[in-house]
K.L.:
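The structure is given below, and queries will be raised subsequently.
In the text below, chain A, chain B and the rest are named by the order of the sequence lines, each starting its count at 1.
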Amino acid sequence: MLGTTPTHKYCAEVANELETRWQSNWAQDNLNTIGNPGDDGFDTSKPKFYCLDMFPYPSGAGLHVGHPVGYIGSDIISRFKRMQGFNVLHPMGWDAFGLPAEQYAIETGVHPATTTRTAIDTFRGQLQRIGFSYDWSREFATIDPEYYKWTQWIWLKAYGSWFDPSTKQASPINTLIDGLNTGEITADDCDWQLMTASEKTTYVNDHRLAYLGEQVVNWCPKLGTVLANEEVIDGLSERGGFPVLRRPLRQWMFRITAFADRLLEDLDGLDWPHSTLRMQAEWIGRSEGADIDFNLQNHEPIRVYTTRPDTLFGVTFIVLAPEHPLVDELFASPPENCNSEALAAYVTEAKNRADVDRMADSKEKSGVFSGLFATNPATGKQIPIWIADYVLMGYGHGAIMAVPAHDQRDHDFAKAHDIEIIEVVKPDKKTDDCFSGNGTAVNSSSDQVSIDGLRTKEAKQKIIDWLEENSIGITKVNFRLRDWLFSRQRYWGEPFPIVFDSEGNHYPIGEASLPVVLPDLDDYTPAESEDPTPLLGRATAWLHTTAGEAGVDPSILSPDTLVTREANTMPGWAGSCWYEIRYCSPNCTERFVDKASEQYWMGNGTDLYIGGAEHAVLHLLYARFWHKMLFDLGEVSCNEPFQKLFHQGLLTSFAFQRANKSLVPSNKVEEQNDKFIETETGEEVERVIAKMSKSLKNVVNPDDVIAEYGADTLRLYEMYMGPLEASAPWNTRDIVGVYRFLQRVWRLCIDENSGDMHASLQDAQDDLVERALHATIAKVTDDIPNLSYNTAIASMIEFVNTATSSSKLTANQLDRFVRLLAPFAPHIAQEIYTKIGNNGYITVASWPTFDSALLVEDELELPVQIMGKVRGRVTVPADASDEIVKKAALEDSNISALLENLTIRKVIIVPNKIINIVAN
RNA sequence: GGGCCUGUGGCGGAAUUGGCAGACGCAGGGGACUUAAAAUCCCCCGAGGAUAAUACCUCAUGAGGGUUCGAGUCCCUCCGGGCCCACCA
């Protein structure tokens, strides 16, 4: 070996050795375990910080480098807050029920629990190797019976509640029953006192927050499951291309629509990304308008919802959704000029197409005339009623008043079917398009009512007033949000804690009998059938039981009654709807959460929630809904679960594209003189940014990066790529930058030849280094709460460069510096912290402070501009008055020379920044 | 079709929120050390012009206009890129 090679350099071996050593020390000493109120030594007077990551779905493939981006981000601020004296709750767990595990089970015959547990172990191992400060003692998975027991319990809470419109709150179902019995609450559209017992039961059931409802679903017989709309393309399943049927199905729903108002209004107080707030608001989709009844002969009036009642005079036809109840009446007694065969064919076809497919890209609007006419209440004219699939049964009343002059869809339809178009809104500016904005009402007069000349806003109000006076219509607020379909025919999910008697009445299972444990199956292959059949239907021994066996309260149902369990399971979202609460006391057996712990950690919700923007709507909306429900019922102490939300950016990767835009796998491309060449063909290819994917061969495994550089380098690199919220491409070439930085940090402390600490660390301090250190402390302290990690790291690099070239650094300064570094690169920081003589863990060391007096220089060099262009610079004392600064600027030789032939109009002095002389 | 975000060197990105554009890192070039290489350290590194050289000048933050003493940052128009929603009446 050559003598010049440093043998104690910071390299992959050194990094891996010290990282695994400290990780095992931390684990042994339970360094990251945090107590709860009431525990020995737990100080509730300290401020708390609950920092939550969106927990992962543990897939068999393990982590790739994109997963930890958010986790590193949350770990840094958690460690920082802890050093600042906060009690920090920073937990991790597993969202482990779901389809991929079940699909894998179908292929392999291995029980999903087995594969999922293996995947969890892999994920946990990979995360632990990165050195996160998670409190692993709080870890749980949604598939743990001790956890899903409480998921079922919460569902029962919803089942046992209703939404009281008078208080706008969830309330126990007994308050409804009592209110109806005493007459304090009046039943909708019926007389409670005259109802039979079974009618009463039905009425109450229809008001539960978790209720059985009829929904049209996409049923794929071949896959043996229902599919989401997104999974159906052209009537075929996205996976496999099998036929998908539309089937009405009675299944468990959540009455989330009752909370639509609050889910919308409460977005206001949240510190969330603007775009996500917007997406939630749009998803909820509140709109204001009117319900209007259109009369027709021999049938009930048709009720439509419109946001533009002011266009009533322009209504030249009515369109019904193919599922509209009136359509069935047409089949029973077809009107004279109705082609009932064509109608039947059209309706049958439309019913079997999912909503998604109905919005075909083609502008062509299909439809069939019903043979019926309705009366336009404003004009008294007879207008035709059409059936068309561009009207959806699920929104409004499944019927629309069509205004072809001012709605693009109605316009297209009228053009295609030759229907009259009447302009009733005059735009302010001429436009060629179908005008749907606000303007002035025209052609809107009859002997009934006139709104001609009114602006859209006033026209709406006047027409609504008229409609209400004449009982034709009523003002109405509508939401796009629908009730939440909560049943799945799959195996790998939480069973519902409910049973049915032979009549189909349902009975809840008592709390004492929870959890209803998911039974084992021998075969996960989906059942092929015309009608949806849940997989759990095969667990016959489990399915058929008695009320007593299942745990139904004997006062509701006699224990020996034969009952059938609910065979559907809950969807993948269920477990993630309340996991943030469970982390407060994951081992609590008496309750879903220990009350005092929940109050302490979540009195104002979680303090920071980090996760991907792909959950902007569904997960976050569902979790907010559950939280509000639990809040109303007095089970949790705040109204919103997530105070501050942050979306980390997507980690992308480079991909390579041929001239014809086809992609080339990364391992088939070579770089030659700044050009990228496809190895096989020798053709030049273009480098583009793409998602990491197996097919592009651009997936990077964090284990490989750690083996080559260590976890601290991985952590730093991922945070140094750019702003945490921005997408950035992984570029292996860039990793060495932060790696070299850590090597320089190491060298500040360690003599690479001897492996000993530098003797010079005892020398007198350099004022310049001390000032630089204070500036760095200030910058990092400021950046971390904003999650501006990339600039924090840059400032630490600057400091190390300063300290390196100064070669005067005291142990005390290094001590303060590594404490700054600790949240980012905890292992090397700990190692140096120990080497320079500290006992104990840097994780619990105090955060360094800075003296703002040391941040300002005594003298400042200020640029001097003439007419906004820098023409010179002057050095003045930092505390110089404007007068002195002005004098110095005007006397500067460069400046005075340039000003010779000019008249000074004005001198602008921005203190400590710049001087600008206006002269001409 | 609608909404949101975004556009700065060869690349990833800075810019105290209207005040010296390009911090920091990568890549590249040059030098020191070395027999040599690696490692390390030092210097250069937006484009163009000018000069023996330094000083210096001009242009430049997707394009065009505007507001301002001063614009990457604010306003208007246009053009690219990304994400989300989408026959929701």
K.L.:
Determine the Euclidean distance between corresponding P atoms of B:A38 and B:A27; express it in Å to zero decimal places.
P.N.:
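13 Å, rounded to whole Å.
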K.L.:
Measure centre to centre between the rings of A:Y346 and A:W386, then say whether the value is under 6.0 Å.
P.N.:
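They do not qualify: ring centres at least 6.0 Å apart.
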K.L.:
Of the options B:U40, B:A14, B:A89, whose atoms approach the side-chain atoms of A:Y395 most closely?
P.N.:
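Given the options B:U40, B:A14, B:A89, the side chain of A:Y395 is closest to B:A89.
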K.L.:
Report the nucleotide, chosen from B:C69, B:C59, B:A89, that has the shortest atom-to-atom distance to any side-chain atom of A:L392.
P.N.:
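Closest nucleotide among those given: B:A89.
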K.L.:
Answer with base, sugar-phosphate or nothing: what part of the nucleic acid does A:R747 contact at a heavy-atom distance below 4.0 Å?
P.N.:
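Sugar-phosphate, backbone atoms only, no base.
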K.L.:
Mind calculating the distance between CG (A:L716) and P (B:G12) to the nearest angstrom?
P.N.:
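The answer, rounded to whole Å, is 21 Å.
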K.L.:
Rounded to the nearest angstrom, tell me the gap between atom NE2 in A:H647 and atom C1' in B:C84.
P.N.:
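Spelled out: NE2 on A:H647 to C1' on B:C84 is 11 Å.
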K.L.:
Assess the side chains of A:D712 and A:Y739: does a donor N or O sit below 3.5 Å from an acceptor N or O?
P.N.:
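Result is no, nothing qualifies.
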K.L.:
Indicate yes or no for a side-chain donor-acceptor contact from A:H647 to the backbone of A:A726 under 3.5 Å, with no hydrogens or angles considered.
P.N.:
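The answer is no, because no donor-acceptor pair under 3.5 Å joins these two groups.
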K.L.:
For A:R871 and B:G70, what is the distance between atoms CZ and P respectively, to the nearest whole Å?
P.N.:
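After rounding, the gap between these two atoms is 14 Å.
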K.L.:
Expressed as a whole number of angstroms, how long is the span from A:I915:CD1 to B:G18:P?
P.N.:
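Nearest whole value for this atom pair: 21 Å.
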K.L.:
Tell me whether the OP1 or OP2 atom of B:G25 has a side-chain N or O from A:Y720 closer than 4.0 Å.
P.N.:
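So the side chain of A:Y720 is outside the cut-off, no N or O lying under 4.0 Å from OP1 or OP2 of B:G25.
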K.L.:
Do A:R744 and A:N801 have side-chain N/O donor and acceptor atoms under 3.5 Å apart?
P.N.:
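Yes.
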K.L.:
Expressed in angstrom and rounded to an integer, what is the separation of A:M721 atom CE from B:C11 atom C1'?
P.N.:
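From A:M721 CE to B:C11 C1': 12 Å.
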K.L.:
Give A:R744 one of three labels, base, sugar-phosphate or nothing, depending on what nucleic acid heavy atoms sit under 4.0 Å from its own.
P.N.:
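The answer is sugar-phosphate, as A:R744 gets under 4.0 Å only of primed atoms, P, OP1 or OP2.
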K.L.:
Can you measure A:R733 atom CZ to B:G12 atom C1' for me and round it to whole angstrom units?
P.N.:
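Those two atoms, CZ and C1', are 10 Å apart.
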K.L.:
When you check the side-chain N and O atoms of A:H397 and A:D291, is any donor under 3.5 Å from an acceptor?
P.N.:
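Yes, A:D291 and A:H397 have a side-chain donor paired with an acceptor closer than 3.5 Å.
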K.L.:
What contact category does A:N790 fall into here, base, sugar-phosphate, or nothing, at under 4.0 angstrom with non-hydrogen atoms?
P.N.:
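Since only primed, P, OP1 and OP2 atoms lie under 4.0 Å of A:N790, the category is sugar-phosphate.
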K.L.:
On the 0 to 90° scale, with breaks at 30° and 60°, tag the A:F413-A:F317 ring pair as parallel, tilted or perpendicular.
P.N.:
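If you compare the ring of A:F413 with that of A:F317, the planes turn out parallel.
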K.L.:
Can you give me the dot-bracket string for RNA chain B, 5' to 3', counting Watson-Crick and G-U wobble pairs with both distances under 3.5 Å, using [ ] for crossing pairs and | for partners on another strand?
P.N.:
(((((((..(((......[....))).(((((.......))))).((((......))))..(((((..]....))))))))))))....
K.L.:
Among the nucleotides B:A39, B:C69, B:C24, which one has an atom lying closest to any side-chain atom of A:K9?
P.N.:
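Of the candidates, B:A39 comes closest.
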K.L.:
Ignoring hydrogens and angles, are the base of B:C26 and the side chain of A:D734 linked by a donor-acceptor pair under 3.5 Å?
P.N.:
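Check fails, no donor-acceptor contact within cut-off.
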K.L.:
Just call it for A:N731: base, sugar-phosphate, or nothing, with non-hydrogen atoms closer than 4.0 Å on any strand.
P.N.:
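No contact.
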K.L.:
Say you pick atom P in B:G2 and the same atom in B:G9; how far apart are they, in whole Å?
P.N.:
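Their P atoms lie roughly 30 Å apart.
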K.L.:
Are any of A:R740's side-chain N or O atoms less than 4.0 Å away from OP1 or OP2 of B:C26?
P.N.:
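Yes, A:R740 has a side-chain N/O under 4.0 Å of OP1/OP2 on B:C26.
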K.L.:
Enter syn or anti for the glycosidic conformation of B:G12, syn applying to angles within 90° of 0.
P.N.:
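Anti, which is what one calls it when the glycosidic angle falls more than 90° from 0.
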K.L.:
Contact class for A:S727 (heavy atom, under 4.0 Å): base, sugar-phosphate, or nothing?
P.N.:
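Sugar-phosphate, no base atom in range.
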K.L.:
Counting C-beta onward and ignoring hydrogens, is there a side-chain heavy-atom pair between A:M719 and A:L724 closer than 4.5 Å?
P.N.:
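Yes - at least one pair of side-chain heavy atoms lies under 4.5 Å apart.
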K.L.:
Taking O4'-C1'-N9-C4 for purines and O4'-C1'-N1-C2 for pyrimidines, is B:U58 syn (within 90° of 0) or anti?
P.N.:
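B:U58: anti glycosidic orientation.
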K.L.:
Please compare A:I793 and A:P723 by the position of their nearest nucleotide in RNA chain B and report the one closer to 5'.
P.N.:
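Result: A:P723.
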K.L.:
When you measure from the side chain of A:M279, which nucleotide among B:A89, B:A27, B:C84 comes out closest?
P.N.:
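For A:M279, the side-chain atoms sit closest to B:C84.
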K.L.:
Given atom CG of A:L620 and atom C1' of B:C84, what is their separation to the nearest angstrom?
P.N.:
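Those two atoms, CG and C1', are 14 Å apart.
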K.L.:
Looking only at atom P, what distance separates B:U6 and B:C75, rounded to whole Å?
P.N.:
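B:U6 and B:C75 have their P atoms separated by 12 Å.
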K.L.:
Taking atom C1' of B:U40 as reference, at what distance in whole Å does atom CG of A:D751 sit?
P.N.:
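Result: 13 Å.
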K.L.:
By nearest atom, which of the nucleotides B:G19, B:C24, B:C20 is closest to the A:P863 side chain?
P.N.:
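The answer is B:C20, which lies nearest to the side chain.
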K.L.:
Using the P atoms only, state how far B:C74 lies from B:U8, rounded to an integer number of Å.
P.N.:
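My reading of the P atoms in B:U8 and B:C74 gives 16 Å.
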K.L.:
Using a heavy-atom cut-off of under 4.0 Å over every strand shown, decide if A:E614 touches base, sugar-phosphate, or nothing.
P.N.:
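The residue A:E614 makes no contact with any strand.
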K.L.:
Could you work out, with side-chain contact (heavy atoms from CB on, under 4.5 Å) as the rule, every residue matching A:T802, not counting sequence neighbours?
P.N.:
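With sequence neighbours excluded, A:T802 shows a side-chain contact (heavy atoms from CB on, under 4.5 Å) to A:L768, A:A772, given in chain and number order.
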K.L.:
Taking the side chain of A:I914 as its heavy atoms from C-beta onward, which of B:C59, B:G12, B:C20 lies nearest to it?
P.N.:
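Nearest to the side chain of A:I914 among the choices is B:C20.
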K.L.:
Quick check for you: among B:A86, B:G3, B:A89, whose closest atom lies nearest to any side-chain atom of A:R480?
P.N.:
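Of B:A86, B:G3, B:A89, B:A86 is nearest to the side chain of A:R480.
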K.L.:
For the residue pair A:Y720 and A:Y789, is the inter-centroid distance of their aromatic rings smaller than 6.0 Å?
P.N.:
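No, the ring of A:Y720 stays outside the 6.0 Å limit from the ring of A:Y789, centre to centre.
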K.L.:
In whole angstrom, give me the gap between the P atoms of B:U73 and B:U16.
P.N.:
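It works out to 13 Å between them.
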K.L.:
Would A:S287 and A:Y305 count as having a side-chain donor-acceptor pair, cut-off 3.5 Å?
P.N.:
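There is such a pair (donor and acceptor under 3.5 Å, judged by atom type) between the side chains of A:S287 and A:Y305.
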K.L.:
Between A:N801 and B:G25, is there a contact of a side-chain N or O with OP1 or OP2 at under 4.0 Å?
P.N.:
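Answer is yes, contact under 4.0 Å.
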K.L.:
Please tell me which of the listed nucleotides, B:C5, B:G19, B:C85, lies nearest to the side chain of A:H274?
P.N.:
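Nearest to the side chain of A:H274 among the choices is B:C5.
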K.L.:
Contact class for A:I797 (heavy atom, under 4.0 Å): base, sugar-phosphate, or nothing?
P.N.:
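Answer is sugar-phosphate: A:I797 comes under 4.0 Å of backbone atoms only.
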K.L.:
Check whether A:D293 reaches the backbone of A:G473 with its side chain - one donor and one acceptor, N or O, closer than 3.5 Å.
P.N.:
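The answer is no, because no donor-acceptor pair under 3.5 Å joins these two groups.
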K.L.:
Please measure how far the C1' atom in B:C59 lies from the corresponding atom in B:C11, and state the result in whole Å.
P.N.:
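The answer is 23 Å between these two C1' atoms.
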K.L.:
Using the C1' atom as the point on both nucleotides, what is the distance between B:A14 and B:U61, in whole Å?
P.N.:
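Comparing C1' positions in B:U61 and B:A14 gives a spacing of 12 Å.
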K.L.:
Give a yes or no on whether a donor-acceptor pair under 3.5 Å exists between the nucleobase atoms of B:C84, that is its base, and the side chain of A:R278.
P.N.:
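Looking at the base of B:C84, it does not pair with any donor or acceptor on the side chain of A:R278 (distance under 3.5 Å).
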K.L.:
Could you check A:M867 against A:V738 and say which one's nearest nucleotide on RNA chain B is further toward the 5' end?
P.N.:
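Looking at RNA chain B, the more 5' nearest nucleotide goes with A:V738.
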K.L.:
Taking the same atom, P, in B:G82 and in B:A32, what whole-Å distance lies between them?
P.N.:
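So the two P atoms sit 48 Å from each other.
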